[in-house]
Amino acid sequence: MKLVIGSDHGGFELKELIKKHFKDIEFIDVGTHSTDSVDYPDVIAAAAKKVQSGEVEKGIILCGSGIGASMTANRFQGVRAALIHDDYGAEMCRRHNDANLITLGGRIIAPDMAFRFIDIFLKTPFDGGRHETRVKKIDEVSR
Ligand code: RB5
């Protein structure tokens, strides 16, 4: 499986732990590559574009809180970034919202929790049906 991953300095350490933990996943790491301060919209836009273009189906984005990363990614049509803090959200963002980016706050989510949320996110399929109509409307109403 190939995923895009990107973070600012606030998510850098968790990003590196995620890459180490998920050894079987091929990551396209769009940065950042150190704890030096960067502007999260720059790296998160690079990650969102990989999903928008179809180069990868899914990915992981991080910043300190996850909030700025999520706001940025969701400006891209076709990108559905879900900011996740619990197992329920990790499951439902796939089942009902067909999320294609999981968003995590590097300063608030412990590594073990992040790994579990990512596992759930990756293994849970989209329910489709009535949710497909709604997900299509996300892009329609914002055009
Ligand atoms: C950086 O200090 C911090 O603002 C950023 O990582 C993120 O939390 C923004 O939403």
Side-chain angles (χ1 to χ4, degrees), residues 1-127 131-143:
M1 180 190 300
K2 200 199 275 190
L3 297 182
V4 67
I5 190 164
S7 77
D8 72 351
H9 53 291
F12 171 73
E13 281 169 13
L14 185 55
K15 172 168 74 69
E16 295 307 301
L17 292 174
I18 290 168
K19 287 193 302 177
K20 260 189 215 137
H21 180 81
F22 291 95
K23 295 189 192 330
D24 294 342
I25 295 179
E26 183 188 341
F27 288 104
I28 302 177
D29 186 346
V30 295
T32 188
H33 301 293
S34 78
T35 52
D36 293 349
S37 182
V38 294
D39 296 334
Y40 61 82
D42 298 332
V43 275
I44 300 305
K49 283 176 186 169
K50 298 270 182 209
V51 171
Q52 191 181 44
S53 68
E55 186 177 338
V56 292
E57 201 183 308
K58 292 193 188 78
I60 303 166
I61 53 172
L62 310 95
C63 64
S65 63
I67 296 170
S70 158
M71 287 178 169
T72 304
N74 281 315
R75 291 292 178 101
F76 292 80
Q77 290 272 322
V79 173
R80 292 176 296 280
L83 178 54
I84 297 304
H85 298 101
D86 49 54
D87 292 3
Y88 181 76
E91 180 183 341
M92 297 314 289
C93 77
R94 289 290 312 132
R95 288 188 53 195
H96 284 194
N97 313 109
D98 199 17
N100 44 26
L101 282 174
I102 184 169
T103 312
L104 300 168
R107 292 178 179 151
I108 51 173
I109 302 294
D112 284 359
M113 290 170 74
F115 303 156
R116 199 174 68 241
F117 298 162
I118 292 166
D119 270 331
I120 295 169
F121 173 77
L122 294 177
K123 75 166 196 226
T124 306
F126 179 42
D127 281 357
H131 302 293
E132 181 132 34
T133 311
R134 294 168 185 167
V135 165
K136 279 194 185 129
K137 280 192 182 183
I138 297 174
D139 280 332
E140 283 167 20
V141 296
S142 59
R143 234 173 232 131

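When a ligand or atom number is given, it counts from 1 through the structure's own listing order. Numbering of residues begins at 1 and proceeds along the displayed sequence. Heavy atoms only: backbone and side chains are in, while hydrogens, waters and symmetry mates are out.
The closest protein non-hydrogen atom to atom 1 (C) of ligand 1 is His9 NE2, 3.6 Å. In this structure, the protein non-hydrogen atom closest to atom 5 (C) of ligand 1 is Asp8 OD2, 3.1 Å. Ranking protein heavy atoms by distance to atom 8 (O) of ligand 1, first place goes to Ser65 N, 2.9 Å. At the top of the distance list for atom 7 (C) of ligand 1, counting protein heavy atoms only, stands Cys63 SG, 3.3 Å. Scanning all protein heavy atoms for the shortest distance to atom 10 (O) of ligand 1 gives Gly68 N, 2.8 Å.
Counting atoms of ligand 1 from 1 in the listed order, those under 4.0 Å from a heavy atom of Arg107 are 1 (C), 2 (O), 3 (C).
Note that CD1 of Ile102 is 10.5 Å distant from CG of Leu3, once rounded to the nearest 0.5 Å.
Of the N or O atoms in Tyr40, none lie within a sub-3.5 Å distance of an N or O in ligand 1. Considering backbone and side-chain atoms alike, Gly64 places an N or O below 3.5 Å from some N or O of ligand 1. Between Ile67 and ligand 1, not a single N/O pair is under 3.5 Å apart.
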Derivation of the salt bridge (Lys or Arg N to Asp or Glu O under 4.0 Å) call for Lys123 and Asp119:
CA-CA 6 Å; Lys123 75 166 196 226; Asp119 270 331; over 6 Å; no
Please determine whether salt bridge (Lys or Arg N to Asp or Glu O under 4.0 Å) holds for the pair Lys15 and Asp29, giving the CA-CA distance in whole Å, both sets of side-chain angles, and the decisive distance to 0.1 Å.
CA-CA 9 Å; Lys15 172 168 74 69; Asp29 186 346; 2.8 Å; yes
How far apart are the C-alpha atoms of Ser142 and Gln77, what are their side-chain angles, what is the distance that settles it, and do they pass the side chain to side chain donor-acceptor pair (under 3.5 Å) test?
CA-CA 8 Å; Ser142 59; Gln77 290 272 322; 3.2 Å; yes
Step by step, would you call Lys20 with Glu16 a salt bridge (Lys or Arg N to Asp or Glu O under 4.0 Å)?
CA-CA 6 Å; Lys20 260 189 215 137; Glu16 295 307 301; over 6 Å; no
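A perpendicular orientation is assigned to the rings of Phe115 and Phe22, their planes being inclined by more than 60° (bins at 30° and 60°).
Between Ala69 and Tyr40 the shortest heavy-atom distance is N-CD1, 4.0 Å.
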